[in-house]
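Below you'll find the structure, written out as structure tokens, and then a few comments.
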Amino acid sequence: MEKSRNEEPVNNMFSNCSFQDSVVVGIAKEGSTVCYGHEKAHAKKQSGSDLQGKKAVMEYVGRLKPAVKEQYRDQYDNIWEGILELSQVKAVIYDKGKQQDTTFNRNLLAKIVHQVDELYMPIYNNAQKATYLEPEKGADHSIRHKLGESPDKPIKKAIEDFMKDKLQ
């Protein structure tokens, strides 16, 4: 079969190219090869920043240790490390979006704190927790409102299942 004049540039158009957070739309002809390696590239990209982000998250939730119930103090760090390893959490916790002065998704983390409220003494309300988490702004920080919200269903379900196993 003879190649058309336009076919050669199209065949080489994407050679040695990588597209980060992009979508390429096209029509594959018979005999064409389409390779998609997003997950592999994304995993490589995150591996180094995950360790730094995890350390920052652990420091952040560590600020709440004075509010932790006595029976959970010894296992508090292990519980949070387990939560951060859940695939549903790990996939989004280090994506800070447009949040400033952070290396992780602070809003999601606050929602998770709300979900695992059983770890904390009931005398500590959201304003007090916000003061521990963000001492500079305290109760006036926007995180206070997120401490009253729940995470999305897949994350919520994964954490519920984890907590059932961990706290029994």
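A distance of 9.5 Å separates CD in Glu149 from NE2 in His145, rounded to the nearest 0.5 Å. Atom CD1 of Ile112 and atom CD1 of Ile159 lie 4.0 Å apart (nearest 0.5 Å). Rounding to the nearest 0.5 Å places OH of Tyr94 at 9.5 Å from CG of Leu109. Note: Asn126 CG to Ile143 CD1 = 10.5 Å, rounded to the nearest 0.5 Å. Taking NZ of Lys54 as the reference point, atom CD of Glu81 lies at 5.0 Å (rounded to 0.5 Å). Atom CD in Glu134 sits 8.5 Å away from atom NZ in Lys137 (nearest 0.5 Å).
Minimum interatomic distance between Gln88 and Pro154 (heavy atoms only, all atoms of both residues): CG-O, 4.0 Å. Between Ile79 and Phe162 the shortest heavy-atom distance is O-CE2, 3.5 Å. In terms of heavy-atom proximity, Asn105 sits nearest to Val92 at CB-O, 3.9 Å. Looking at every heavy atom in both residues, Ala139 comes nearest to Ala130 through CA-CB, 4.3 Å. The shortest non-hydrogen separation linking Asn107 to Lys146 is OD1-CG, 3.6 Å.
Here the two rings, on Tyr72 and Tyr120, have centers that are 6.0 Å apart or farther.
Contacts classified as salt bridge (charged side-chain N to carboxylate O under 4.0 Å, His left out) and involving residues 159-168 (residues at least two apart or in different chains) are given here: Lys157-Asp161.
Side-chain contact between Ser150 and Lys156 is present, with at least one heavy-atom pair separated by less than 4.5 Å.
Distance alone, capped at 3.5 Å, places no donor-acceptor pair between the Gln115 side chain and the Pro151 backbone. Checked by atom type and distance alone, the side chain of Glu85 never pairs as donor or acceptor with a backbone atom of Gly82 at under 3.5 Å.
For Asp152, the CG atom sits in a loose shell: 12 or fewer heavy atoms of surrounding residues, nucleotides or ligands are nearer than 6.0 Å.
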Report task. Go through Tyr60 and Val113 one step at a time and tell me if the side chain to side chain contact (heavy atoms under 4.5 Å, CB included) criterion holds. Result -> CA-CA 11 Å; Tyr60 195 74; Val113 167; over 6 Å; no

Between side-chain atoms of residues 61-69 and protein atoms elsewhere (two or more places apart, or another chain), which donor-acceptor pairs fall under 3.5 Å?
residue, atom, partner, partner atom, Å
Arg63, NE, Glu59, OE2, 3.0
Arg63, NH1, Leu133, O, 2.3
Arg63, NH2, Glu59, OE1, 3.2
Arg63, NH2, Glu59, OE2, 3.4
Lys65, NZ, Asp77, OD1, 3.2
Lys65, NZ, Asp77, OD2, 3.1
Lys69, NZ, Glu118, O, 3.1

